[in-house]
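The sequence lines fix the lettering, A, B, ..., with proteins before strands; numbering per chain opens at 1.
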Amino acid sequence: MPELPEVETIVRELRRKTKGQKIRDVKIKSQKIIAPQSSQYFRKNLLDQKIVDVNRRGKLIMIGLPKERFLLIHLKLTGQLVFNQKPHKHTHVIFQIGRQTLNYNDLRKFGFLLITDKNGLGDILTKRFKFGPEPFGRDFTLAYLVRNFAVRRAPIKVLLLDQTILAGLGNIYVDESLFRAGIHPKRRASSLTNKELQNLYQSIKEVLKQAIAAGGSSSQNYVRTSGQPGKFHNLHNVYRRHGQPCLVCGSEIKRTVVAGRGTHFCPRCQV
DNA sequence: CACTTTGTTTCCAC
DNA sequence: TGTGGAAACAAAGT
């Protein structure tokens with residue numbers, strides 16, 4: 001399940017493996033995955049283009065191409081980017097980069113890829129994807145968290161999932177961060193004390209740091225670009241552990257629904 | 001079959 | 001008008 005740590009890993013590997021190389025060929029196996037451009041458009045614009053830079057914006061992978069064009073890959077849920085693997089049923093796009101191949105797999109086809117120019121990119125980044133600060137960015141401060149949460153009555157989990165407030169946190173890492181901070185996911189944001197906010201602020205960074213170190217969570221079918229699964233799911237304290245004992249206090253982990261998402265928490269550790 | 005899963009959009013009530 | 005809560009949407013495996 002691609003969330004921030006996985007995307008960061010992918011971006012790092014993309015940078016390392018593709019710098020200066022040209023995309024020689026692009027094989028489109030499924031047109032459904034690409035919106036709104038057609039496969040022909042996609043092919044025409046990608047052939048012989050050079051990957052010059054890769055940036056991360058939340059769960060959006062942006063690859064800069066010459067002539068001020070950009071390839072955007074939005075990874076969601078079952079989306080995978082893998083190097084030098086055999087294509088299979090769920091491989092929709094194959095990039096040939098030098099002697100390497102990069103496959104875009106997506107079992108559920110929730111993600112999308114598109115090519116756009118500078119103006120289009122501007123529109124997308126300002127209108128379609130309005131991202132808040134990066135969890136490890138300079139502008140993500142405790143004061144920022146306090147400022148944004150103090151006036152909001154929505155459940156804390158809803159706000160943490162809101163990419164316009166904080167970029168890159170998905171369901172897994174929100175549940176894990178809240179557990180680490182000892183905060184119940186349904187708590188109103190405005191009811192959090194300064195102490196709790198500080199705790200949450202640290203917890204988010206800690207959880208993400210650990211997740212990145214472990215190579216992400218292969219809870220559903222996420223794999224790294226090498227095709228290897230991540231290891232963070234072995235470190236999950238609550239996510240999809242409902243019915244099992246809390247690793248801290250032994251209470252049974254509960255599951256509920258917040259923001260339409262499966263939400264996992266320890267009723268004793270999280271108040 | 002119902003249910004799960006994601007990020008985002010849309011709709012409705014207040 | 002803003003906000004919050006919930007539903008809808010994409011697709012396919014369990």
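OP1 or OP2 of C:dG13 lies within a sub-4.0 Å distance of a side-chain N or O belonging to A:H90. Within the 4.0 Å cut-off from OP1 or OP2 of C:dT14, not a single side-chain nitrogen or oxygen of A:R240 is found.
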Give me, pair by pair, the N or O atoms of the protein and of nucleotides 12-14 of chain B that are less than 3.5 Å apart, along with how far apart they are.
none

Grab the N/O contacts between the protein and nucleotides 3-5 of chain C below 3.5 Å, and write none if there aren't any.
unit_1 : atom_1 : unit_2 : atom_2 : d
C:dG4  : OP1    : A:R153 : N      : 2.9
C:dG4  : OP2    : A:R152 : NE     : 2.8
C:dG4  : OP2    : A:R152 : NH2    : 2.9

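Closest to the side chain of A:R261, out of B:dT4, B:dT8, C:dA12, is B:dT8.
In this structure, A:N171 places its CG atom 7 Å from P of B:dG7, rounding to the nearest Å. In this structure, the CG atom of A:L169 is 16 Å from the C1' atom of B:dT8, given to the nearest Å. Taking atom CG on A:L161 and atom P on C:dA6, their separation rounds to 14 Å, with Å as the unit. Distance A:H236 NE2 to B:dT5 P: 13 Å, rounded to the nearest Å. Between the NZ atom of A:K186 and the P atom of C:dA6 there is a distance of 8 Å, rounded to whole Å. Summarising the geometry, the separation between CG on A:D106 and P on C:dG13 is reported as 12 Å, rounded to the nearest angstrom. To the nearest angstrom, P of C:dG13 lies 14 Å from CG of A:N105. What separates CD of A:Q80 from P of B:dT5 is a distance of 18 Å, to the nearest Å.
Neither side chain, A:Q85 nor A:N103, offers a donor N or O lying under 3.5 Å from an acceptor on the other. Using modelled atom types, one finds no donor on one side chain facing an acceptor on the other under 3.5 Å when comparing A:N199 with A:Y201.
Looking only at distances, no side-chain donor or acceptor of A:Q198 sits under 3.5 Å from a matching main-chain atom of A:Q202. Put simply, the side chain of A:R187 gets close to the backbone of A:V271: a donor and an acceptor are under 3.5 Å apart. A distance-only check finds a donor-acceptor pair linking the side chain of A:N148 to the backbone of A:Y144 [under 3.5 Å].
In this pair, A:H264 and A:Y239 present their aromatic rings perpendicular. The plane angle is above 60°, beyond the 30 to 60° band.
The NZ atom of A:K195 sits 14.0 Å away from atom CG of A:L200, with the distance rounded to the nearest 0.5 Å.
Checked options A:I183, A:I204, A:I165, A:D175; the residue passing with A:L160 is A:I204 (criterion: side chain to side chain contact (heavy atoms under 4.5 Å, CB included)).
Through direct or relayed side-chain contacts under 4.5 Å between Ile, Leu, Val, Met, Phe, Trp and Tyr, A:V158 connects to A:V258.
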